[in-house]
Amino acid sequence: MFIAQKLRKKNIAEYLLYMWQVEDTIRAFGCSLPRIRREYIERFDYTDEQKEEEADWFGNLIRMMNQEGCRDSGHLQINKVTMQQLEELHAQLLQSSKFPFYNSEYYKVLPFIVELRNRGANKEENEVETCFNSLYGVMMLRLQKKEISPDTMHAVKEISTLVGMLNDYYLKDKQEPLEFE
């Protein structure tokens, strides 16, 4: 909860990737709050009050995952809404002539998006979600200490640049709405 709160304010992309990891963490512990308390939250250097807040937060996420039918896979509605906001902003940036650097980076990344979509199971996901899925996949490979090919690293570097630009525009838009035309 504490990490999520900080990330949401300073980096929406990292926040979303973190929340996907939290969803997977909850699944890894069998959606069991007692296990999450005992085996996960206890490892952090939190006060007893902070541990209770964290447990409440995880409890709410577990309840939402059960209610929304994403106990085994998928994403919480709160995360889907954030993704939708990013996709809408992405589309607005591409349609505007005021953001040539974003457009330029998008066209550098587009071949990677096409390739990832052709390989992936879900060809209906939006381009931004394809980018996030690739970043999350590489993050998981790194956590598992698996090798990542140079081609994949190159693609991820370009995708990270685009997502970083999208993140910056998202934060700017939240502070003061961007003017698209």
Side-chain angles (χ1 to χ4, degrees), residues 1-90 113 116-117 120-122 124-146 148 152-153 155-157 159-171 173-174:
M1 175 184 89
F2 303 110
I3 295 169
Q5 287 173 335
K6 287 178 189 169
L7 288 175
R8 184 153 184 97
K9 289 177 189 163
K10 74 175 184 114
N11 191 319
I12 198 68
E14 286 183 13
Y15 164 79
L16 198 52
L17 291 169
Y18 175 75
M19 288 303 295
W20 286 4
Q21 189 176 14
V22 167
E23 291 169 341
D24 282 344
T25 299
I26 289 169
R27 291 180 188 112
F29 287 102
C31 296
S32 165
L33 186 57
R35 278 193 64 204
I36 291 171
R37 276 181 191 267
R38 186 177 62 248
E39 299 173 39
Y40 186 72
I41 296 172
E42 280 301 316
R43 298 188 319 193
F44 293 97
D45 188 25
Y46 290 155
T47 65
D48 288 344
E49 186 178 319
Q50 287 174 318
K51 287 178 183 177
E52 278 306 308
E53 285 181 58
E54 191 81 355
D56 286 347
W57 183 68
F58 271 98
N60 285 329
L61 292 175
I62 291 168
R63 182 180 43 74
M64 291 180 343
M65 287 173 76
N66 285 326
Q67 289 173 346
E68 295 174 21
C70 58
R71 185 181 171 97
D72 297 320
S73 65
H75 298 296
L76 287 165
Q77 193 60 38
I78 54 172
N79 297 331
K80 288 179 182 178
V81 167
T82 302
M83 179 61 69
Q84 184 177 357
Q85 291 170 343
L86 289 170
E87 176 61 26
E88 288 168 3
L89 178 59
H90 169 73
I113 293 171
L116 288 164
R117 279 185 157 173
N122 185 1
E124 299 302 311
E125 71 187 10
N126 66 57
E127 292 174 333
V128 174
E129 192 167 358
T130 298
C131 291
F132 272 82
N133 279 327
S134 70
L135 294 175
Y136 189 73
V138 168
M139 188 174 86
M140 291 295 104
L141 289 173
R142 284 184 176 140
L143 286 172
Q144 297 167 17
K145 301 194 183 330
K146 292 189 176 173
I148 301 163
T152 299
M153 287 309 299
V156 165
K157 183 177 182 283
I159 289 169
S160 295
T161 300
L162 181 70
V163 169
M165 292 173 82
L166 182 60
N167 174 71
D168 292 346
Y169 284 122
Y170 177 90
L171 295 176
D173 191 49
K174 290 295 174 201

Are side-chain heavy atoms of Glu127 and Arg117 found at a separation under 4.5 Å?
yes
Do other residues, nucleotides or ligands put more than 12 heavy atoms under 6.0 Å from Gln5 CD?
yes
In Å, rounded to the nearest 0.5 Å, how long is the span from NZ of Lys9 to OH of Tyr15?
12.0 Å
Spacing of Glu87 atom CD and Phe132 atom CZ [to the nearest 0.5 Å]:
10.5 Å
If you compare all heavy atoms of Tyr170 against all heavy atoms of Leu86, which two are closest, and at what distance to 0.1 Å?
CD1-CD2, 3.7 Å
Interatomic spacing from CG in Leu166 to OG1 in Thr161 - rounded to 0.5 Å
12.5 Å
Are the side chains of Met65 and Arg27 in contact, using a 4.5 Å heavy-atom criterion?
yes
Examine distances only and state if a side-chain atom of Glu129 and a backbone atom of Met83 form a donor-acceptor pair shorter than 3.5 Å.
no
Are Arg63 and Asn60 linked by a side-chain donor-acceptor pair shorter than 3.5 Å?
yes
I'd like to know whether NZ of Lys6 has more than 12 heavy-atom contacts from other residues, nucleotides or ligands below 6.0 angstrom.
no
Using ring-ring contact (aromatic ring centres under 6.0 Å, His included) as the criterion, list what pairs up with Tyr18, not counting sequence neighbours.
none
The salt bridge (charged side-chain N to carboxylate O under 4.0 Å, His left out) partner of Arg37 among Glu54, Glu42, Glu52 is Glu52
Closest non-hydrogen atoms of Ile62 and Ser32, given as atom of the first, atom of the second and distance, are CD1-C, 4.3 Å
Heavy atoms, side chains only, cut-off 4.5 Å: are Asp24 and Gln21 in contact?
no
If you compare all heavy atoms of Met19 against all heavy atoms of Ala4, which two are closest, and at what distance to 0.1 Å?
SD-CB, 4.0 Å
Contact check, side chains of Thr82 and Arg8, non-hydrogen atoms, under 4.5 Å
yes
From Ile36 atom CD1 to Leu61 atom CG, the distance as rounded to the nearest 0.5 Å:
8.5 Å
Taking ring-ring contact (aromatic ring centres under 6.0 Å, His included) as the definition, give me every residue that meets it alongside Tyr46, ordered by chain and number, with sequence neighbours left out.
Phe2, Phe44
Counting C-beta onward and ignoring hydrogens, is there a side-chain heavy-atom pair between Val163 and Leu135 closer than 4.5 Å?
yes
Just verifying a value: how many Å separate Glu68 CD and Ile78 CD1, rounded to the nearest 0.5 Å?
7.5 Å
Between Gly30 and Arg35, the two heavy atoms sitting closest are N-NH1, 4.1 Å
Please lay out, stage by stage, how Val81 and Gln77 fare under the test side chain to side chain contact (heavy atoms under 4.5 Å, CB included).
CA-CA 6 Å; Val81 167; Gln77 193 60 38; 3.9 Å; yes
Nearest atoms (heavy-atom pairs only) where Asn167 meets Ala13
OD1-N, 3.4 Å
So Trp20 and Tyr136, would you call those rings parallel, tilted or perpendicular, with 30° and 60° as cut-offs?
perpendicular
Between Glu88 and Gln84, is a side chain to side chain donor-acceptor pair (under 3.5 Å) present by the stated rule, with each step listed?
CA-CA 6 Å; Glu88 288 168 3; Gln84 184 177 357; 3.2 Å; yes
Given the rule in the side chain to side chain contact (heavy atoms under 4.5 Å, CB included) test, do Val156 and Ile148 qualify, once you have shown the distances and angles that lead to the verdict?
CA-CA 10 Å; Val156 165; Ile148 301 163; 6.0 Å; no
Tell me the closest heavy-atom pair linking Ser134 and Ile159, and the distance in Å.
OG-CD1, 3.4 Å
Just how far is it from atom CG of Leu16 to atom CD of Glu14, taken to the nearest 0.5 Å?
11.5 Å
